[in-house]
Structure formats: C-alpha cells, structure tokens
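Single-structure report; data block below.
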Protein chains: 2
Amino acid sequence: MAGDADWGNLGTQDWQAGRASQRKRAFLSTGLGVLASSETYSLPVSSSSWEPPVGTPFLSGPCTSSSEAQAMAETPSQSPKNPRVSGVTVQLEMKPLWEEFNQLGTEMIVTKAGRRMFPTFQVKILGMDTLADYALLMDFIPLDDKRYRYAFHSSAWLVAGKADPATPGRVHFHPDSPAKGAQWMRQIVSFDKLKLTNNLLDDNGHIILNSMHRYQPRFHVVFVDPRKDSERYAQENFKSFIFTETQFTAVTAYQNHRITQLKIASNPFAKGFRESDPDSWSTPSALSWGPTI
Amino acid sequence: MAGDADWGNLGTQDWQAGRASQRKRAFLSTGLGVLASSETYSLPVSSSSWEPPVGTPFLSGPCTSSSEAQAMAETPSQSPKNPRVSGVTVQLEMKPLWEEFNQLGTEMIVTKAGRRMFPTFQVKILGMDTLADYALLMDFIPLDDKRYRYAFHSSAWLVAGKADPATPGRVHFHPDSPAKGAQWMRQIVSFDKLKLTNNLLDDNGHIILNSMHRYQPRFHVVFVDPRKDSERYAQENFKSFIFTETQFTAVTAYQNHRITQLKIASNPFAKGFRESDPDSWSTPSALSWGPTI
DNA sequence: AGTTTGTCACCTAGGTGGCAAAGT
DNA sequence: ACTTTGCCACCTAGGTGACAAACT
C-alpha cells in the first residue's frame, strides 16, 4: 500500500512569501510553523535541519518507477506521529491519466503569469479525525540536481548539465485550509488553483520552478494543533504523501509531441486543438521514459 | 452615523438547510447557535423569542427613505455587546449605485436555479479585533406583509394583497467564514456567491424569497466565541447592520423598464444588451418611489 | 541552436436580459 | 390578466496550445 522510504523532511523553504491574491487567509499555528492559508506561501519548514535542496539526494529510492502503490507515505522513523494524522490515507484521483502521462514523461508548462497543472492534482482522503482541523498543502521537490534538454531527433531527454540555482521553495496551501476532517473527506480535494511559474520574482504566491528541471509534487496533511506550544509538536502533526506517477519536467514550451497530443486530447480547455475524433480519447501507446545518459 | 432603531432580533429562521454545494464548511459554535459556514444555511436563530416574520412590523420607522446614513446598526438595548463586535463599523460599497436603483425602486430577479443580486452587496469593515475569528452572514427580512403588483400604465407599484406564506428563513454565510478580523478588514468583502431563488424546495442553500414581495437585506457580524458555553453569549456576540438603500422587490421578470435599463447599463454581464453609448453610464433622473395605495 | 515571451483563436464555465410559451 | 418558465444570443472571465518573434 504505502512505501516506507524516508524522503527526508520538508525541504528547504524560505519565508519570503507573497501577498494573498485575495482569498481567505486564516492563520494556523501548526507544527510547520505559522501557516498562512490561501494561495501559495513560503514557510520556514518543520525540521531542525535546513537541507539545501540542490545537491541533496531527496530521492534515494527508485524514483521513476510508475508503480501501482496507492500512496507513497513518508514515514520518518525518528518521530512518532500524532494519531490525528497517523491514520490518514490518501488516494490519487485520475491515476490512470497520470500514469499515461508519466509513461510518456510528463511535462508541465511554466509561464511568467503562472500556469495550472494538467492533470490537476486531486486526492480523496480517508482516516481523518472528523472534528479536528487540518490544513492541506503541496510543495515540489527537485528530483535530481540536473538540467535537461530534449533531443527532438531521438525523442529523448538528455542531461544538459548541473541544475540551475534552486528557486525559492514555496508551498501552496489548499485555499479551503484550515477545515475540519469531515469537510476534507466529504469530496475530492482539488488543487486546481495551484499555478506554476518560472518567474523568480513572482509576486502572486505561485510555485516557482526552474524550466528544464524535473520535479516531484508532494502532498502534506497538517493537523492544526490547538495547543499553545504546538510548534514543539512539529514533527508529529503532519504526514506527507508522494505519488511518483505525478513527477514531471517543467518546460516553457512542450518538447515531446506525444505529451502535447495527450494534453489536447484530455484537457477540456484545449478542445480547440482537437482535429475531430471525439472518440480517440483513450490509450496512446505506452512508451518507456527515462533520461538517456 | 448609525441609527438606533431596534429592528427586533434575527427573525424567524428554520433549520432545514441544504447541503453545502461543495465548498468549505467549517463549523462554528457561536452565539447564533451552531453555524455552518459556506453557501447558505438556515439556522435556528439567536433570541429567546420566536417572531413570525409575516405580520410582524419589522420596520416601524421610515423604511423607504434612501438616506445618507453610513450604516444603520441595530442596537438592542436589552443586551450589552461583546467588545469584539461593539466597535465594528461597516461601510456599504457602491453606495451611489445602490441609491440610484433605490430611487427607481430596486428589483431583484429570483429564479428556480438561483440568481445573483445586482448590485452585489459589498462592504468595507472597520473596527474588528484583528486576531479574533468572525463569521459574516446575510439574511433577508420582509419589509411588510404585503404582496405587490406593478401597474405598467402608471409605472407604479400597487399593493395586491396580503403577503404569501413566509418562505423558509435562510441565512447566507460568506464562504470565507470563519476568518480573522485582519483578513476581513484587508479588503472589500463581497457577497457575490449569494443567490436568490423562488423555489421553496431549493436544495442548493440559496436564499428563498417570495416574488412580488419586498425585502430588506441584513448583514451580520458574528464573533466566534471560543468559550465552551458560547451559546449563552448569543446576544452579545453579534452585531447587525441594515442599509435601507439596499431594499428591493423580488420579481421573476423586471417590471419597471427603468430598472432594466439601469441594470443593463451598469452590470458588465448584461453588456450584450447595450445599444451603444458607452458614455451614458450615469445619472438617470430621480424618481420618487413608494407603494401607491 | 536552444529556450523564452507575447499574442492569438478557440475553448470552458457561467452571469445577463429578451422573448415566446406555459402556468395559474 | 398576470406571473412564471425555459431557452437563447450575447456577454465576462479565464484556461488551452500554436506560432512568430525575441532572447541568450
């Protein structure tokens, strides 16, 4: 069901944030520090150790295997989890679609203004304490410290060198945070307000990524601890999940034509680019993916 | 600044509610009872007395004067207010537009599916405790117990008889509720998700009104009391505001042609019906309004 | 040469009043 | 006779990839 690889704690994240675009901004005092709910915020995260994201092998286990695992939960062995989060289970929605993209090598567009992800990261949640408050959030960790380029002739990704300087590590709070467990479990939770940008100076609270770099989305469930000194329980109060089939390469323009076609075929907003064939909505051929050299 | 008329406490409201359409639904234990945040809910309200909304003279003072008052705050003399709400001040946005409509006799469309109000009820809030939690909500009280009809020849509203049976009294929680005072005061609070319906069996949590009846929108600021027995402080923890220039007649189709034209001229979504004249965005002639006979 | 940017036509999603038809 | 309903064309608002131009 869930792998046990220790991906390390929440990576390096700074706290330069961005103003709330205009949405709710409730304040939580959680183990992750003072979290500001709404769009995307940066936060000084969690652990006692400050790990530089570049050069750090975040993923030491198998990272590109698309897998049949339901949810890959992080389980830091050093700290026991609060029962409010320990029993939480997460199920990725649209898993078949994610896998289809992942087999081709998912690409996500980044723009200056911010671009949504497609597929959208959506999950079904189980096992929360119905009456407790939780915040849900996402962040993105580099899959390696490489920069890539795409060889059109061979239709393959090549390593183009060492990674560019790391972008400001931001997190995106689900805008409904905080909310009761009952509310989160009532229906599918969708991160459709999350946007990716390549603008290092982004002011809109979007997630900042380096183009031509690979990333792994990560999902965090944070129990909003009502205790006054909740900061002390940082490690116990959150649980993180990784779905390897959601990893992707950030790009400013699509590289792999098959990805473009699959996006057009499956994203309703790209319907304008469909030739016709309202039926060919399924099963492109599987293609193995992996950086070549 | 604020009138002192005692409008009575929150009127009759039942608790038949409706499912949350799909938004956040945090639960508050407040003086108003257990409040469910999100779209629109019905609630068993507040006071010890249960006042039938029909036949009760909610408004004993002058009710159609458009007035220059900033906010008409209700101030029940019997109960002292919690300092968390007593200092709260509210300012109606788009006041000139509301007044323009009110002079003609504002009409609001009600449909089975639910129709937004135009103008949208929007307020600027001052004087909250920055760190305290508040819920903001609206309800609608009958301005009288009459049913009206419009005489096209004389362009005037006539009393058509006694009011129809009262509709289920629902309240609409601002979807961002609950939130900190700081958040509410950060920018204009807009009730643009609020919808009006004439469907007595409405299942979407919309505000149910009788067509051809007159209503007064009411705005409530509720301090979310963290005390365990907060129900006991019901009366102290909320403050209500009435802007007489926002009163209107519910209709299924516009009656007064001038209202139609002003809606078309001022609502961006109705731009398709504008003849031309991108400049004639201002000052229709003033017209006195009032039920004739 | 490889990558990024800005603009565009074409969508989805949903808020308008008009209007003919149906209700009551 | 009066009121309500359903459907429509026409908007706003914003999410798509294509593509030419600009950048480095």
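Every chain is numbered from 1, with letters handed out A, B, ... down the list of sequences.
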(request) Report the distance from atom CE of M212(B) to atom P of dT3(D), rounded to the nearest whole Å. (result) 4 Å

(message) Any side-chain N or O of T252(A) below 4.0 angstrom from OP1/OP2 of dT5(C)?
(response) no

(message) What I want to find out is whether R147(A) reaches D164(A) closely enough, with some N-O distance under 4.0 Å, to be called a salt bridge.
(response) yes

(message) Other residues, nucleotides and ligands only: do more than 12 of their heavy atoms fall within 6.0 Å of CE on M185(A)?
(response) yes

(request) Check whether any side-chain nitrogen or oxygen of R274(B) sits under 4.0 Å from OP1 or OP2 of dG17(C), and answer yes or no. (result) no

(request) Find the distance R147(A):CZ to dG2(C):P and express it as a whole number of Å. (result) 13 Å

(request) Would you kindly check if the NZ (Lys) or CZ (Arg) of K263(B) is within the cone defined by 45 degrees around the ring axis of F101(B) and under 6.0 Å from the six-membered ring centre? (result) yes

(request) Between K263(A) and A160(B), name the one whose nearest nucleotide on DNA chain D is closer to the 5' end. (result) A160(B)

(message) Output the rounded distance in Å from CZ (R115(B)) to P (dT5(D)).
(response) 13 Å

(request) Identify whether any heavy atom of Y254(A) sits under 4.0 Å from a base atom; if not, whether one sits that close to sugar-phosphate; answer base, sugar-phosphate or nothing. (result) sugar-phosphate

(request) Look at R116(A) and dG15(D) and indicate whether a side-chain polar atom (N or O) is within less than 4.0 Å of OP1 or OP2. (result) no

(message) By the 4.0 Å heavy-atom rule, please label R149(A) as base, sugar-phosphate, or nothing.
(response) sugar-phosphate

Can you check nucleotides 10-13 of chain C for protein contacts, nitrogen or oxygen pairs under 3.5 Å, and list what you find?
from: dT12(C); atom 1: OP1; to: K271(A); atom 2: NZ; distance (Å): 2.8

(message) I want to know whether Y150(B) and Y148(B) have ring centres closer than 6.0 Å.
(response) no

(request) Using atom NE2 of H213(A) as one end and atom C1' of dG2(C) as the other, report the distance to the nearest whole Å. (result) 15 Å

(request) Mind checking side chain to side chain contact (heavy atoms under 4.5 Å, CB included) for T252(A) and listing every partner two or more places apart, or none if nothing turns up? (result) V110(A), N198(A), S211(A)

(message) Under 4.0 Å between a side-chain nitrogen and a carboxylate oxygen: does that hold for R170(B) and D202(B)?
(response) yes

(message) Distance check needed: dG15(D) P versus L196(A) CG, whole Å only.
(response) 13 Å

(request) Starting from C1' on dG17(D), measure out to CE on M117(A) and report it in whole angstrom. (result) 18 Å

(request) Using a 4.5 Å cut-off on heavy atoms from C-beta on, say whether the side chain of F191(A) contacts that of F219(A). (result) yes

(message) Please find the pair of heavy atoms, one from Q247(B) and one from T106(B), that lie closest to each other, and give the distance.
(response) O-CB, 3.5 Å

(message) In whole Å, I'd like the distance from the CZ atom of F118(A) to the P atom of dG15(D).
(response) 14 Å

(message) If you define the side chain from C-beta out and look only at heavy atoms, does anything of E107(A) sit under 4.5 Å from W157(A)?
(response) yes

(message) Just the rounded figure in Å: distance from P of dT16(C) to CD1 of I259(B).
(response) 15 Å

(message) For a quick test of reading the model: is some side-chain N or O of N198(A) closer than 4.0 Å to OP1 or OP2 of dT5(C)?
(response) yes

(request) Output yes when at least one side-chain N/O atom of S211(B) is less than 4.0 Å from OP1 or OP2 of dT4(D), else no. (result) yes

(message) Using side-chain heavy atoms (C-beta onward) and a distance below 4.5 Å, is L136(A) in contact with F173(A)?
(response) no

Distances under 3.5 Å only, N/O to N/O: pair up the protein atoms with those of nucleotides 19-22 of chain D.
none

